[in-house]
Amino acid sequence: MDIGGFVMTDSHPQPNTQQQADFIKQLKTTFEKMPHDIELLLFTQKGREDAFAEGARQIVRAFRELTPRIRLREYGLDHEMAAQYQIEHSPTLLIAPDRFGIRWLGAPLGEEARTFLETILMVGSGMSGLSEQSKKVIANIDSTRQIKVFVSPSCPYCPQQAVNAVKAVIEKPDLVSLEIIDIQSQPEIAHQYSAHSVPQAFANDVLIGMGAQSEEVFALSLSRLDPQTIFIPDSDAELVETDLLIVGGGPAGLTAGIYAVRSGLKTAIVERNVLGGQVATTPVVENYPGFTQVGGKTLVDILVTHALQYVQIYPGEDVIDVVPGKPPGKPFEVTTGRRRFLAKTILLATGANHKHLNVPGESRLSGRGVSYCSTCDGPLFKGRKVVIVGGGNSAVTEALYLHHMGVGVTLIHRKDSLRAQEFLVRQLTLSEIPILWNTEITEITGKERVESIALKNTLSGESTSLAVDGVFLSIGYEPAVELARKTGVALTPEGYIQKDAKHRTSVAGIYSAGDVEGGYKQIVTAAGQGAEAAMAIFEDVINPYWQKS
Ligand SMILES: Cc1cc2nc3c(=O)[nH]c(=O)nc-3n(C[C@H](O)[C@H](O)[C@H](O)COP(=O)(O)OP(=O)(O)OC[C@H]3O[C@@H](n4cnc5c(N)ncnc54)[C@H](O)[C@@H]3O)c2cc1C
């Protein structure tokens, strides 16, 4: 059983088992000291085989083995308690219903075990752990908010958003309530809200967030009942001084963090989203030395566990501004949604963002059948018909992943041959996944959700249409250079960060590493560049080249 991601599920090297034992011990002590016992009520449809109900029982059982402070009572949907709590769906888990309005529709499995663990700890302690900035925003809410967060067990982005919502309930239990809805267990509710990607958050039936938001942005969206994209902290926000601030917790940033701290630099990593960057959503990695085959998520767990032994990581914070110190050579002032940093040097390891097709219907139906993450959203399309667009390694990997999970997938490629590695192409052929060659999507259509796509043959110009339930886009990535641009860092004609052999950019004291620099864009190269950059930064901090005339 995976509790908090510390127990690995596949047959690859386990992260340090001593760490697991220490974690379990620490967890038991934390449970013992909790001021509140936690009562869980599980409602299920009696007499029906239900894998989700069994999953919910198993995860609760696993937690109860750690502490007697958690109590579970189970009722059928026809029991008077179900009527009292207005329970309609099986399974529904109520968490401390005497104190909070938190209900879980489905089972907290996979990635969601993390959310469940954090929820139990917050409910048991009675503390939300919200930042001071978020607390101020939540304090201003003066009418009820009924939140729904749609999640799935395979979505690495979901725990961040679900935990944001739990924190809001713990902070304001009189006005805020929450349903965490597993879309695999409750597809009809997802359908009703046209939620075909995860995570998606609604409050009072208004969409307030698609994808994971930082805690502060979520709080603001909840308060305003309108999706927000940025949060500027108040001037009294915490100030952290550091030698090196790394923007991005992908392979480049995490590796740089390990090297920098081992060199003796005071270092912080800020990551706005899920740690591990693109690897967190990669189904399988087969070319990282030391592992013949490893799940992207497993590799991230190993990387993050290693990095955390050295470096302070600030997850769920978006770096929104970097202001060079004045005069040059003075520390940079870096602003996130939660605090400010004074940093002698900055490493931009911001990686890459997925590209858009830019065809009519794409943005309107994003999250309504248009998806950029097969790992997150693939399970929603089991037994249904989708297309995946692209011709490179990622597109082929994702097509195979969807096919093996039982999704009816067709690959669409605008050329007549794939750019993917031969090994992957062979697997694609063996899996008999249909391919539409020389074909482009010109429009994605559907009222509430994707219903069909318009296609054009690039050779003959012939137009056709195809009825589909989903469109997965894997047409490449573009460097995430918004912050570099804002800071005046020079870019190459191709749009990557321009740097020298020591990863120094055009702005003294700012460095780069990983996919944002272009090149081969692999995990191993990103990690290598992160290591190189950290060592160069160490040399420059003790002997600043920008102070030499
Ligand atoms: C589907 C898929 C399959 C792949 N398969 C393989 C494979 O099998 N083998 C292989 O070697 N490579 C593979 N890759 C490529 C590999 O994942 C990338 O090369 C690698 O992740 C790049 O690492 P990075 O640290 O440079 O960037 P990223 O992994 O992109 O990480 C950058 C991080 O920076 C964060 N960030 C950006 N801006 C900000 C900001 N303003 N504030 C805070 N944080 C910010 C992002 O949220 C992100 O987490 C695959 C990629 C994809 C998408």
Side-chain angles (χ1 to χ4, degrees), residues 156-157 160 211-212 214 230 245-257 268-289 291 293-296 299-300 303-304 307 313-322 334-338 341 346-355 372-376 378 388 390 392-401 420-421 423-424 472-487 496-497 503 512-531 533:
Y157 300 104
Q160 182 172 325
S214 75
I230 197 160
L245 183 102
I246 299 171
V247 189
L254 292 170
T255 310
I269 298 178
V270 177
E271 168 55 57
R272 68 169 157 210
N273 223 316
V274 59
L275 287 168
Q278 295 166 59
V279 190
T281 55
T282 301
V284 185
V285 175
E286 295 182 341
N287 54 6
Y288 191 75
F291 302 88
Q293 194 184 66
V294 59
L299 185 57
V300 168
L303 255 172
V304 171
I313 303 181
Y314 297 85
E317 289 187 43
D318 196 355
V319 173
I320 48 186
D321 206 9
V322 175
V334 180
T335 308
T336 75
R338 197 167 304 165
F341 291 88
I346 311 276
L347 175 65
L348 296 175
T350 47
N353 300 322
H354 55 72
K355 278 190 186 157
Y372 302 87
C373 179
S374 61
T375 321
C376 311
I388 180 145
N393 289 329
S394 304
V396 176
T397 307
E398 295 187 52
L400 287 164
Y401 175 74
Q421 289 167 2
F423 177 80
L424 290 170
F472 286 80
L473 297 172
S474 186
I475 51 173
Y477 283 73
E478 50 200 4
V481 288
E482 313 90 68
L483 204 57
R485 265 208 194 98
K486 212 169 168 182
T487 320
Y496 295 99
I497 290 183
H503 302 271
S512 61
D515 279 16
V516 75
E517 294 185 335
Y520 290 107
K521 294 183 244 164
Q522 291 289 289
I523 304 165
V524 71
T525 52
Q529 289 155 358

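Note that ligands are numbered from 1 as they come in the structure, with each ligand's atoms numbered from 1 the same way.
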- Message: Please work out, at 4.0 Å between heavy atoms, whether the side chain, the backbone, both, or neither of A252 comes within that distance of ligand 1.
- Response: both
- Query: atom 37 (C) of ligand 1: which of V285, L424, I320, T350 has the nearest heavy atom?
  - Reply: T350
- Polar proximity ligand 1 side, V319 side, N/O cut 3.5 Å exclusive: yes
- Message: Does ligand 1 come near enough to E398 that some N or O of the ligand is less than 3.5 Å from an N or O of the residue?
- Response: no
- List in chain and number order the residues that pass ring pair (Phe, Tyr, Trp, His ring centres under 6.0 Å) with F341, two or more places apart in sequence or in another chain; answer none if no residue qualifies. Y314
- Message: Does ligand 1 come near enough to R272 that some N or O of the ligand is less than 3.5 Å from an N or O of the residue?
- Response: yes
- Using 30° and 60° as the class limits, which term best fits the ring planes of Y372 and H354: parallel, tilted or perpendicular? parallel
- Message: Counting only nitrogen or oxygen atoms and a 3.5 angstrom limit, does D515 reach ligand 1?
- Response: yes
- Query: With backbone taken as N, CA, C and O and side chain as the heavy atoms from C-beta onward, which portion of A349 lies under 4.0 Å from ligand 1: side chain, backbone, both, or neither?
  - Reply: backbone
- Item | Nitrogen or oxygen atoms of I523 and ligand 1 under 3.5 Å apart | yes
- Message: Heavy-atom distances under 4.0 Å decide this one: backbone, side chain, both or neither, for N393 against ligand 1?
- Response: neither
- Could you tell me whether A352 approaches ligand 1 through its side chain, its backbone, both or neither, with non-hydrogen atoms closer than 4.0 Å? backbone
- N/O of E271 under 3.5 Å from N/O of ligand 1, yes or no? yes
- Can you tell which of V396, T525, T282 gets a heavy atom nearest to atom 50 (C) of ligand 1? T282
- Is there at least one pair of N or O atoms, one from Q278 and one from ligand 1, spaced under 3.5 Å apart? yes
- Query: When only distance counts, is P251 in polar contact with ligand 1, meaning an N/O pair under 3.5 Å?
  - Reply: yes
- Task: Say whether K521, considering both its backbone and side-chain N or O atoms, lies within less than 3.5 Å of an N or O atom on ligand 1.
- Result: yes
- Would one find an N or O of G253, backbone or side chain, under 3.5 Å from an N or O of ligand 1? no
- Message: Applying side-chain contact (heavy atoms from CB on, under 4.5 Å), can you list everything that pairs with V279, at least two apart in sequence or on another chain?
- Response: P251, V285, L299, V300, I523
- Task: Specify side chain, backbone, both or neither for Y288, according to which of its non-hydrogen atoms lie closer than 4.0 Å to ligand 1.
- Result: neither
